[in-house]
Amino acid sequence: MYFTKLIALFFIYFFTAKFGLSLNAVNGFATLVWLPSGISLAVLLIYGFNLWPAITLAALLANFQSGAPPLATLGIGIGNTLEPLLGAFLLEKFLQFRHSLERLADVLSLTVVAFLSSILSASFGVMSLWLSGTISNEIFPTWVAWWIGDTISILIVASFLLIWSTRPRLEFKLNRLLEGVLITLVLLVIYLAIFRDFFGLPIENKASAYLIFPPLIWISLRFGQPGAVTASLALVTLTILSTFQGLGPFTDTSISSSLLFLQIFMMVIAITSMILAAVVTERKKVEKTKDEFISIAAHELKTPMTTIKGYTQLLKEYFKKTDDTKIRTYISKMDSQIDNLTRLITDFFDVSRIQTGKLELEKEEFEVDSLVKTVVEDMQHMMLDHKIIIIGETHEKILADKYRISQVLTNFLSNAAKFSPKADKIKVFLSTKNNWVTISVQDFGIGISKSDLKNVFERFFQARTHVRQSIAGLGLGLYISSEIIRRQGGKISAKSQQGKGSTFSFSLPLIRK
Amino acid sequence: MHKKRILLCDDDKSIADLVKIILEQNHFEVKLLFNGKGILKRVKEFMPGLILLDLWMPGIQGRDIVKIIKADPETQKIPIIIFSALNEVEQETRTSGADDFIVKPFDIDQLLQVIRKYT
């Protein structure tokens, strides 16, 4: 296995090196289209540092074949070997580098390493060529070209190889596919317009190249690192091509200077898109962790609650036949407070889910009338002081989250009972009109003031009433209910008259036939 | 299949003990398991009339346990009731193929009502 990889790396390095050197290198050896730096760094990181001999051999051979004298070849070979070795070493041993470039730290590490290791290679190379007398003028431009060429290679080619080596999971949903195709087309059109003078637009100013940023930013934000590095690689390839053909805003007096400007531009593109993608990915991870925490916390809180409630009820049963009313009362109060606490926990976590946008609604078709009947029956069991009367029938089905709709109705009914302690009935009205079904819950209690009515569906809102002290709650029930109804395309509203009572209603669209 | 036998699988010992007390008071024979390891074997040994299964446990998950039990011809007729504190217990019940569910914390009467439906 080792030898296969060694040989493969040798050939890949050799041929890409030859290719790069043949493309109008500065002073014969400093090429701006240099794939080997990125490839060698990525390969060493992915497959192991011990593959370095392939790099040395290939570099020696390629440069020798291109006309470098023996000592210079040796110097270049050493520089080319040390470059990926130093880079890989720094990344893996010092910087805890992750190949997926998922974190901002990883992107910054790669950038710094790219710059540093290229300096090494460029210095070795240019020094060797100068000392051997192969080059005698334009030393600095040669060095710069060498340095930038290697840096770009690492930033674009190495990142591409590293990210895809982690086998990122791709979502193949239709929407995402369409979005990907669309944004690629946009990118392509801009490329054609600016870098190929395709549409005949008079674009000579180099600044116009920055029009490439919006689609690239979109890709980085929406498709993460895989999208960012693929787009960068594609763009670099295409723009180098068109610059060689004398097209586009970077065309300058010579190919070398054209490429120099282009490569600096590409560096900015590559670094920006990778940084954006990393930040977005990190954020998504935090959201996911938050969400998992919420689910686990909710589950963990309910577990001891289950035990407490169970034993409380066993106690209740046990003392049912006793004459000691105090015991029965105390236990009864404990039981109802446990219910309260459970409801608070559930409400709290529902709200957290709504806040993080994670409240999932599962839609199914069900009959309105039978749902209302079931909920009313269940609630009637617990509400012994009020008689719940259902008025009207719909004979209709709706498409909605059954569990959540019953949660809303339950919330309305329990509020109705809470806020009408002296009344003895609650009315539930069912009606349909114009493809909407409306369920209203009317109580005959204290009512809500006009000013409170405006805010009644807001989070943490509790009506200013002297009765409030005995009514526990975070003020979340109506907020959750309104979110549930609105999310399903429905409407929610409240009417009230102080001293006479309130009516809370929600409407949902019927299934269109 | 013994109608009055119930197998309860829940990793929380205090809940398991509590439910055992409640069910035994109501004349059921109860066997407790605290995780899903080797559950199919235990089910075949015990042949309960009903299985009460917690969803979220260490090791093998409740959802997968349902699949295993329903896949075996010897045990597939045994009704499985999902017993969970998760908000999505109703959805999980449907998607996993279980027969019914009980939400934690539960009312003792509710618990007995659902159990009596299947035994």
Side-chain angles (χ1 to χ4, degrees), chain A residues 291-292 294-318 320 334-354 358-364 366 377-378 381-382 401-407 480 484, chain B residues 6 8-28 30 32 34-35 52-58 61-63 81-96 98 100-115 117:
Chain A
D291 191 48
E292 280 169 4
I294 288 173
S295 293
I296 294 173
H299 181 271
E300 290 305 298
L301 280 175
K302 287 193 195 164
T303 301
M305 290 294 291
T306 307
T307 312
I308 297 175
K309 184 169 173 73
Y311 284 112
T312 309
Q313 292 201 319
L314 281 177
L315 268 179
K316 219 186 199 177
E317 275 297 305
Y318 192 79
K320 219 187 203 174
M334 277 169 63
D335 195 21
S336 69
Q337 286 310 314
I338 291 170
D339 283 339
N340 257 345
L341 191 54
T342 307
R343 205 174 35 247
L344 285 174
I345 294 173
T346 313
D347 277 359
F348 174 72
F349 287 106
D350 271 349
V351 168
S352 304
R353 280 189 168 185
I354 290 174
K358 290 289 176 180
L359 192 72
E360 275 172 26
L361 296 168
E362 268 225 355
K363 297 206 175 168
E364 63 176 294
F366 60 91
E377 267 171 21
D378 287 342
H381 266 131
M382 299 196 276
D401 187 318
K402 196 171 172 190
Y403 168 68
R404 294 292 177 183
I405 299 296
S406 49
Q407 190 182 349
I480 296 172
I484 289 172
Chain B
I6 297 182
L8 168 61
C9 187
D10 194 319
D11 64 318
D12 191 278
K13 223 180 157 289
S14 52
I15 292 183
D17 285 341
L18 166 72
V19 178
K20 187 165 190 228
I21 292 176
I22 297 172
L23 293 178
E24 281 176 350
Q25 271 184 5
N26 285 273
H27 315 295
F28 287 98
V30 182
L32 296 180
F34 300 107
N35 59 57
L52 269 177
L53 184 59
D54 186 19
L55 271 183
W56 208 335
M57 288 187 289
Q61 290 299 297
R63 190 196 292 173
I81 299 183
I82 299 285
F83 189 45
S84 181
L86 287 177
N87 280 0
E88 307 83 26
V89 65
E90 186 165 3
Q91 287 148 256
E92 281 291 325
T93 306
R94 258 181 301 159
T95 53
S96 65
D100 212 327
F101 66 94
I102 294 170
V103 188
K104 289 187 216 169
F106 55 83
D107 217 41
I108 294 186
D109 288 331
Q110 270 179 346
L111 174 72
L112 292 172
Q113 210 181 15
V114 177
I115 287 178
K117 250 209 293 197

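In what follows, every chain begins at residue 1, and chains take the letters A, B, ... in the order their sequences are listed. Please read all numbers here as calculations on a predicted model, not as lab measurements.
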Exercise. Which one, Asp12(B), Asp107(B), Ile22(B), Leu111(B), leads in non-hydrogen pairs under 4.5 Å with chain A?
Worked result: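 Max contact count across the listed options: Asp107(B).
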Would a 4.5 Å heavy-atom cut-off, applied to side chains only, mark [X] and [Y] as touching?
X         : Y         : result
Leu8(B)   : Phe28(B)  : no
Thr307(A) : Tyr311(A) : yes
Arg404(A) : Asp350(A) : yes

Seminar exercise, completed: Honestly, the part of Asp10(B) sitting under 4.5 Å from a heavy atom of chain A is neither
Exercise. Which atoms of Ile21(B) come close to chain A, meaning under 4.5 Å heavy atom to heavy atom: side chain ones, backbone ones, both, or neither?
Worked result: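 Contact with chain A: side chain only.
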Problem set entry | Donor-acceptor contact present, side-chain Lys104(B) to main-chain Thr306(A), <3.5 Å | no
For this session: Take Lys13(B) and Asp17(B), measure what salt bridge (Lys or Arg N to Asp or Glu O under 4.0 Å) needs, and give me the verdict at the end.
Result: CA-CA 6 Å; Lys13(B) 223 180 157 289; Asp17(B) 285 341; 3.4 Å; yes
For this session: Please flag which part of Glu317(A) lies under 4.5 Å from any non-hydrogen atom of chain B: side chain, backbone, both or neither.
Result: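 Neither part.
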For this session: Using non-hydrogen atoms and a 4.5 Å limit, figure out which bit of Ile296(A) sits close to chain B: side chain, backbone, both or neither.
Result: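 Contact with chain B: backbone and side chain both.
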